[in-house]
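A quick note: this is a predicted structure, and the numbers were derived from the prediction, not measured. Quick note: numbers below take in every heavy atom, side chains included, and nothing from hydrogens, waters or symmetry partners. Numbers for residues simply follow the sequence, beginning at 1.
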Amino acid sequence: MDSNLVGKSLQQGLQNEEGLQNNLEKSKENLIFVLKDVKIYFEEFEILNKMEGNCNLFLKCYLYGKLPLIDYKNCNNNCNNNNCNEEDEIILNTLQNTLQSVHYILYNKNNCDKNCNKNCDKNNSIFREGNILLQNIKIKKDNQLNNFYILEFKIPKIENLNYNLWYPNGYGNQPLYELQLTLNTLQHSLQNNLQYTLQNNNLNYSFTFGVRSIKLNTLQDEFGNKFQFEINNIPIYCKGSNYIPINCFSKNRKDKNKLNFLLKSCKVTGMNMLRVWGGGQYENDIFYNFCNEYGILIWQDFMFACSLYPILESFINSIKIEIIQNIRRLQKYSCICLFAGNNENEEALQSWDECKESTVLQKLISDYHVLTYDTIYNLFLQEEYNCNNANHEAYKNLQNNLQNNLQNNENENRIAFWPSSPSNGIYKYGNPQDLNRGDSHYWAVWHQNLPFKNYLTIIPRFNSEFGFQSLPSIPSLQSIFYNQPNHDTHHATNHVTFNVTFNVNSNTNHTKPFINCNLLSINSPIMEYRQRSYVGNKCILEHINREFILPTNKEFKYLIYLSQLLQAISIKTGVEHWRRNLRKCAGCLFWQLNDIWVGPSWSSIEFNGRWKLLQYFCKDFYCNLLVSLFENEDLLDIYITRDGVNNLQNNLQYSLENDKSEKSDHLENKSLQNSLQNSLQNLKESDDYIFNEVIIQYINYNDGKIKKEIILNLNNFKCKEILFSKCIYQLNLKDFCKDFNNEFNNEFCNEFYKFYGFINVKLKYNYNLYVTNQYYLIELKKITTLQKPEFKINILNKNEFEIFIVNNTLSLFTTIICNDDKYGKVVFSENGFLLLPEEKKKITLNDCSDVTGDDCESDVNVSDVLKSCEIISLADTLNFM
């Protein structure tokens, strides 16, 4: 048992050997208790309405108890130092004799100021308070871990005193409660003529939780078997990413800030789930507390990944402790929705050449089964379902029920187990990439260098991994290129070299030498060293060449820009497709959210916190309301997809207060204006979306003008479904664009319109709000009529500015890049956007203290940030510009 597990109390109790010896001479033993972990279960759970529920709180408290001076040599039971029955008996009796009650205070965190400090007065936020008397507490020895003892008791529900329900991001609020427990004990216990003294008692424990029911639904349907998470009986479409450790080594104050920034970045871009990858680490409690607060569900892998493991007794014993400790530590977090046995180990047995061609394949399978099922799964069932023996009849029945997808009220509100990722399910060996059941990892686009449109050919039940790489920004690269020695960069002749001189502002005080411009290329030694994929840079270049014009005579920053745009479009293509097909696919988590160092990677947020274009694109393709487009031969299918609740709470007030002038322009009738305002107010309490109309435009690449527009009246269709996806219109492209061939003077090609313009679609909903999307009819590399836009910026206030084009053209994928790393974690409200002529795009600078934590500039002014910014569009990457 390591010292971290024992805790500070035991260390303090052992540090004064002389004092302990004096106690022994006085016939006193120093008994040390540490309240290490608490698990909480919601029993007899009732969902009263969408906002409230009631239940009993069933608690298991795990106490570490130790007699440091017990004489094991003279123990009557011939015990060893690790497991002494006499010590267990003494400690259990001492608990019975000294424990009087458990005092609890339940705070409603929603009534407490979020900015409060430890000294704040929480009296106004007390939800419940009381004592659990000894006769209502069950005390027993822990059969799993040595020197641990379990207290079980219940905080019963009270009629008309209901809990606010916790929901994932986008489906409701995240009300939290803080439970403070104090074990009230006597100081001494007299047993066998010895007085046992409780020294350095650490019998207080507090934690924060949300009240919710949770279930993984894997029942059969028309496609196979579902893989659908349900929170409070509401099916959830899971949108998010995969999480890896934020740092190899340090665990300091800045890590907390970095975690806060990453997880808040997930929340504001519409994510509601992260998968903690099995090749990383079990995160600290700060991480899971932030996930509780921001409504981010956690798929928690156990830390086994991409390998096969031995089943030596010593190794299995070590694993048992690891699994039990982490289940007990993490179970109480409302964000935890699933424990998975490993990452890709089951798939390795089925498809990896090292396994398939092995002469001992059957032994590998047997060893895998021992580790995953006989060890990890059995421990999970024992911890979560109170089945203490594999031969126990109830244990067998429970296993059969879980395997056959049988659900009952007792087991519905428990965290799910999944044997591996990907997998077909518990004890269901087969093809882990079966698209009709379980979860999938789809890597054909990256590893097999297939076009993005290949995503459109598959629909998994749940896509828990897929991804595409991009290059990090110049400021991030600058931090690793400083102090690098000169190298001959011409050894990799099969790659294209891109060089750039990086100009540092003369007013900036740098202690490091200037960057070596010869190192800023995709094939420099340091860049190749930091490329951890075997297809890596080659795959990035080939895909850029497939989708765009390779900027061979341009600065390296343009290649970086195209790589990040490429990545964003890749993930966008897959996510929109799987969200359109939400009846079959219940979630998609791209690989990966964050970086562990600076380098080319699959991340959407760079190591230093800078958002890539992919993270900005998430705000649109993970938005609760999505309009997306799918080319079906000569037809363009226009889909509306909705999941989650109507998130008007944040923007309604803005709409009502700031749209008065706009309404007066097109609503001369005052009564009609009042009617609109009343309709908006009524939507505050509603989960419905009102679909008003769809605007379809064909826009010319050259001058950005709208060549044709049609408006479809949706008759204020009220969408009540939490999960909704439907093709609302099929646009015949040839009919829609038939007049353009004559205009463009092409008599040989009846699809010439594809080269000169694109489709822009806007969905108007809730009377004055819009979501938009674009569809490019050809590969972007074939667009040859783009003009280079000239931008102008007007600063509106400290946090806002507007950007517009002064020449007669448009700007595709307009990207604002901040070249000063001091402002690297500043987040713009939009980036990588379409900007049309005569359009003024308002951009908001997110408040640094609100988004990035306190490790950055505390008072960010938009004028200061813009001084270090440049604007790049797709036209800038063209070699002839």
Identified ring-ring contact (aromatic ring centres under 6.0 Å, His included) partner of Trp578 from the options Phe621, Phe630, Phe466
Phe466

Please round to the nearest 0.5 Å and tell me the distance separating atom CG of Asn713 and atom CG of Asn692.
8.5 Å

Residue pairs, two or more places apart or on separate chains, that pass salt bridge (Lys or Arg N to Asp or Glu O under 4.0 Å) and touch residues 713-722:
Asp688-Lys720

Going by heavy atoms in the side chains, are Leu714 and Ile640 under 4.5 Å from each other?
yes

Kindly state each residue pair satisfying salt bridge (Lys or Arg N to Asp or Glu O under 4.0 Å) with at least one member in residues 561-579, sequence neighbours excluded.
Lys572-Glu576, Arg579-Asp643

Donor-acceptor check, side chain of Asn454 to backbone of Val445, threshold 3.5 angstrom: yes or no?
no

Trp299 versus Ser464, side-chain donor and acceptor atoms under 3.5 Å
no

Could you verify whether a donor N or O on one side chain and an acceptor N or O on the other, from Ser265 and Gln615, lie under 3.5 Å apart?
no

Gln697 side chain to Asn760 side chain, donor-acceptor N/O pair below 3.5 angstrom:
yes

When you check the side-chain N and O atoms of Tyr288 and Gln300, is any donor under 3.5 Å from an acceptor?
yes

Tell me which one of Tyr767, Phe724, Phe717, Tyr765 satisfies ring-ring contact (aromatic ring centres under 6.0 Å, His included) with Tyr689.
Tyr765

Taking the side chain from Glu802 and the backbone from Ile843, do they hold a donor-acceptor pair closer than 3.5 Å?
no

Set of side chain to side chain contact (heavy atoms under 4.5 Å, CB included) partners for Glu800, sequence neighbours left out:
Leu796, Asn797, Lys842, Thr844

Among residues at least two apart in sequence or on other chains, which ones pass side chain to side chain donor-acceptor pair (under 3.5 Å) with Thr814?
Ser811

From OG (Ser873) to CG (Leu812), nearest 0.5 Å:
7.5 Å

Residue set satisfying ring pair (Phe, Tyr, Trp, His ring centres under 6.0 Å) with Tyr639, at least two apart, ordered chain then number -> none

Does the cation-pi check pass for Lys707 over Tyr698, that is, NZ or CZ under 6.0 Å from the six-membered ring centre and within 45° of its axis?
no

Sidechain-backbone polar pair: Thr269 side chain, Lys619 backbone, donor-acceptor under 3.5 Å
no

Can you tell me how far apart CD1 (Ile231) and CG (Asn272) are? Round to the nearest 0.5 Å.
9.5 Å

Going by the angle between their ring planes, with limits at 30° and 60°, are Phe227 and Phe229 parallel, tilted or perpendicular?
perpendicular

Above 12 or not: heavy atoms from other molecules or residues under 6.0 Å from CZ of Arg546?
yes

State, with a plain yes or no, whether a side-chain heavy atom of Phe617 is found less than 4.5 Å away from one of Leu565.
yes

Does NZ belonging to Lys726 count more than 12 external heavy atoms closer than 6.0 Å?
no

Are side-chain N/O atoms of Asn260 and Tyr294 paired as donor and acceptor at under 3.5 Å?
yes

May I ask you to decide if Tyr770's main-chain N or O and Lys762's side chain share a donor-acceptor pair within less than 3.5 Å?
no

Ignoring hydrogens and geometry beyond distance, is a side-chain donor-acceptor pair present between Gln730 and Asp637 at under 3.5 Å?
yes

Can you check whether Tyr243 reaches Ile296 side chain to side chain, under 4.5 Å on heavy atoms?
no

Contact check, side chains of Gln174 and Asn292, non-hydrogen atoms, under 4.5 Å
no

Does the side chain of His543 reach to within under 4.5 Å of the side chain of Gln469, using non-hydrogen atoms?
no

Hey, does Trp602 have a side-chain heavy atom less than 4.5 Å from the side chain of Asn242?
no

Mind running side chain to side chain contact (heavy atoms under 4.5 Å, CB included) on Ile234 and Tyr167 for me, showing each step along the way?
CA-CA 9 Å; Ile234 293 178; Tyr167 284 91; 3.7 Å; yes

Are Ile638 and Leu763 close enough that some pair of their side-chain heavy atoms sits under 4.5 Å apart?
no

In Å, rounded to the nearest 0.5 Å, how long is the span from CD of Glu830 to OH of Tyr616?
10.5 Å

Given Phe468, which of Phe452, Tyr442, Trp443 fulfils the ring-ring contact (aromatic ring centres under 6.0 Å, His included) condition?
Phe452

Side-chain heavy-atom pair Phe813, Ile872 within 4.5 angstrom cut-off:
no

Under 3.5 Å, is there a donor-acceptor pair between the Asn831 and Trp611 side chains?
no

Separation between CZ of Arg642 and CG of Leu626, rounded to the nearest 0.5 Å
13.0 Å

Heavy-atom count around Asn173 CG within 6.0 Å, excluding the residue itself: above 12?
no

Strictly by salt bridge (Lys or Arg N to Asp or Glu O under 4.0 Å), give each pair with a member in residues 453-469 just once, sequence neighbours left out.
Asp221-Arg461, Arg275-Glu465

Does NZ or CZ of Lys258 lie under 6.0 Å from the centre of the six-membered ring of Phe607, at an angle within 45° of the ring axis?
yes

Just how far is it from atom CZ of Phe462 to atom SG of Cys238, taken to the nearest 0.5 Å?
4.5 Å

